[in-house]
Amino acid sequence: MAGKLKFLIPIAVFAGMVAIFYKGLYSDPTLVSSPFIDKAAPVFNLPTLYDDQKHITEAEFKGRISLFNVWASWCPGCAREHEMLLMIARDTDIPIYGLNWKDERQAAQKWLRERGNPYTVNAVDRDNVTGIDWGVYGAPETFLIDGEGIIRYKHIGPLTPEIWAAEFLPRIETARATLAGADS
Amino acid sequence: MIRATTFGLLIGLLGLSFTASAVDPSDKLEDPIQNELYLAITKEVRCLVCQNQSIADSTAPLAADLRREIRRMVEEGQDETRIKNFLVERYGDFILYRPRFRSWNIVLWLGPVALMVVGFIALAMNIRRRKSLPIDEDAP
Amino acid sequence: MIPEFGHIALVIALCIAVLQSVLPMVGAQRGNVAWIATGRPLAHAQFLFLAISFGCLMAAFLQNDFSVEYVAKNSNTALPTMFKVAAVWGAHEGSLLLWSVTLGLWTSGVAVFSKSLPNAMVSRVLAVMGVIAVGFMLFILLTSNPFDRLFPAPFDGADLNPLLQDPALIIHPPMLYMGYVGFSVPFGFAIAAMLAGNLDQQWARWTRPWTATAWLFLTMGIALGSWWAYYELGWGGWWFWDPVENAAFMPWLVGTGLMHSLAVTEKRGLFKSWTLLMAIAAFSLSLLGTFLVRSGVLVSVHAFAADPARGLFILIFLGIVIGTSLTLYAYRASSLETQVGFTHFSRETFILLNSILLVIAAGVVLLGTLGPLVFGALDLGSVSVGPQYFELVFLFPMLPLLLAVGVGMHTAWRSANPRELFRRLRWPALGALVAGMFVPWLVFGSVSLLTALGVTIGLWTVIASLIDPAKKLRGKGPRITRSMVAMQLAHLGLGLTVLGITVTSAYTVVTDEGMKPGETVDIAGYTFRFEETLPVSGPNYEAIQGVFTVSRNGAELTQLRPEKRVYRVQTSPMTEAGIKAGWGRDLFIALGEQLGRGAWSVRIQYKPLIRFIWFGCIVMAIGGLVGISDPRYRQRARAKAAADGVTATA
């Protein structure tokens, strides 16, 4: 038969498995990669939080780098990241658009009144229609969208200064460079 | 049960529960054929917040929303492939319990076939070789 | 003080295990009789101290000692005593201790029941098992100490996970662990034989009863787990292809193949390297299962709390143990080619087919289980592999395997006459085929091709297992030895399980209804009437009980009382199904959500032949028991003499 080499097959297979396990140890299997990275922001058309008659769409994202943050007043993770969002709104020129998700209008307005409002404008998605189109499966989630309206990153769970520095800032820099290049 | 990250906590708060009969009976579709399709698809769609249940079994609100969307699409007469594509476009391949036969997923489908082929070749080679060897009649 | 005693006993057991993994091994390699003789006493001492340690942890639970963190997290004063006992292995730390105690028991068992074996061989086996024990005890002491204190001690404990508060869960983990830890014995024998360079048929004979014992425990453990999932998880499924279930199923598949292959190696001196590899693989898959369950690399329903540090420890340990064994295998196995033949139609061919297909089956399950992990590690995106995948690909190896079982067991060793066999089996086979196609159609009104095939194969395996015993009863068959009875029983059980799986999968009737008290639902000829709901309260939970009357053709059959429980401490809602069990069918009701205005969502199921699934497993396990009881394995003098003789000629 294949001679003595075939007896090495088991150990080779096992070595490959160990390598994969090692990598697997340091990644969280509950985190699901988003299929939207580097794709255009999905189409939507939703009323705003403070004015039912006014609608916003994905066209809003064009021409500047922005964040799109999925939140709800019933969501404990959102409470934890609220400070962070306020800080971003105060210290940077990046607008934060909110997707008020599966929430009550009154409760959401009360939440912003009490905690401060970091959002440029909020879209209301009570029935999780846009949420599904955006592949949202929990709040909070934060999308980074570049000047072309392309999604560059998605963070699941509360934003923290560490994640902001490690994942968002470098991508924002890249997006800025592209944006500046397009302008000149 | 789940990694104690904040996200795990979030999942916990959204309601990780092991309850049966999550599907509201009023979900039933009028047309029995459409109802079959609806049930088959919801059994194959993974609930993302509870992760080890299909949305057919899950009480999570997101599962209910997805059931509603699938129901709508089934009623509109869309076929299984289109509905699954709709879900995968939004949530990735992770959402389907049966991997689709495309891109790297093919490995998952061809792997078993390859194992069978290799196994039978090895079996055939061994038997051929043994045939030409003396049959040891004295062994216990 | 008791927890400290337990901790110290564990440390002492570890020290003994270190000695046990060194002294007897060195003794055996150098031929030092005194060192060889240390193996048995060390094995017993190790088990003794582990048992003390385990007893101390149990005492902490029984005394509600919430100053022990593990007790505080997994028990409560209101927890019924029997669940306090089960809570000892209800979470990560304690279940690892159970793992170690089980290994200690097996090691001690090898020391006792190996009087007929050469001492050097036994001491090597004990040393290999000692190495594994060292790894696990270090793991417990360094990363998962169940005796860690908590200060200040809470007033009451956080209670045992309600899912685990169930009688079946008291014996399920010990059974399961007896099973997959038991594969450390054939593993130990394989490594010992390779180290000694003494791979004759003898080691296969020594290994067989141990393998069968481990296998029968694993069979029962898996069956119990499946039964528990059926009535406790609440939605009436009995197998979910969850990574943790797969982790126990893979060693079972390979272990089953190992039992068959060992028979060939023992009787005919064939397939030596293949048998060795399977002995290594069966235990390696057990270790792998432990890694998968405890490292959090996969998403699972019943995984323990995940921790990369723990995962890394097990991975390193896994690398050392399995890596070393496979290297040793690569080195030794190449010299094991035997020049013994058989014709293409013989028992040998069928057993080779069997073990290859079982290894493929395990490979398929492994591929599906690790698929998501591999995709994640190689950045190929997230993918899910669920029941719909496994149910399909598992058939690839299983259908040919099950078809072959009935023929293989009637095929003679070395060379069989196909024509004669065909004459002998054609009527039973035809009977199975006809019955498989028409009986389901007559009983249930419809039949699909796959269902007909499944029923045919199940019936065929059952009939094939009964041909010889039936002849014997009429006084004309060949002599039936005990090992033949074992085989016939095991295959009979397999056939029954296959029948149960096929019929349940094909003909289960499920309906989800919104029902108010007073309303009725008809399914599968039964009428379910929702009478009322009652508040019920248990020792540590409150529940709402639904009362359903089941009748058939107007005659009342039974009352079912499914419950929806909320446990006081952990406040998670649990569904306790109401089940009317029967040989022919189960009737199953689970109470779901309250829909408002007195209505409840209710899941009602009619599950034909589902009991056959577990009954078949019991029959299989009894087959294993009969096999172990074969007096052949206890003929000391003969074995000893044979050992010397074969060693000389090998």
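Just so we're on the same page: letters track the sequence lines, and every chain starts at 1.
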| note | Contacts of Glu114(A) meeting salt bridge (charged side-chain N to carboxylate O under 4.0 Å, His left out) (sequence neighbours excluded), chain-then-number -> Lys110(A)

| message | So if I take each residue of residues 353-375 of chain C and look for any heavy atom under 4.5 Å from a heavy atom in chain A, which residues do I end up with? | response | Leu366(C), Leu370(C), Leu373(C), Val374(C)

Contacts table for residues 86-94 of chain A: side-chain donor-acceptor under 3.5 angstrom, sequence neighbours left out:
from	atom 1	to	atom 2	distance (Å)
Thr92(A)	OG1	Ile88(A)	O	2.6
Thr92(A)	OG1	Ile94(A)	N	3.3
Asp93(A)	OD1	Arg176(A)	NH2	3.0

| remark: CG of Leu25(A) to CZ of Phe313(C), rounded to nearest 0.5 Å, is 13.5 Å

| said: Are more than 12 heavy atoms, taken from residues, nucleotides or ligands other than His344(C), located less than 6.0 Å from that residue's NE2 atom? | reply: no

| Of the non-hydrogen atoms in Ser334(C) and Phe7(A), which two are nearest, and what is the gap between them? | CA-CE1, 3.4 Å

| said: Quick check on Glu83(A): does its CD atom have over 12 non-hydrogen neighbours (other residues, nucleotides or ligands) under 6.0 Å away? | reply: no

| field | Among the listed options Ser325(C), Gly323(C), Ser284(C), the residue most often paired with chain A at heavy-atom distances under 4.5 Å | value | Gly323(C)

| query | If you draw a 6.0 Å radius around OH in Tyr50(A), do more than 12 non-hydrogen atoms from other residues or ligands fall strictly inside? | reply | yes

| said: Can you confirm whether Arg105(A) is buried at CZ, in the sense that more than 12 heavy atoms of other residues, nucleotides or ligands lie under 6.0 Å from that atom? | reply: yes

| query | In terms of heavy-atom proximity below 4.5 Å to chain A, should Ile316(C) be classed as side chain, backbone, both, or neither? | reply | neither

| Heavy atoms of other groups near Tyr22(A) OH, more than 12 under 6.0 Å | no

| field | Residues of residues 9-21 of chain A near chain C, each having a heavy atom less than 4.5 Å away | value | Pro10(A), Ile11(A), Phe14(A), Met17(A), Val18(A), Ile20(A), Phe21(A)

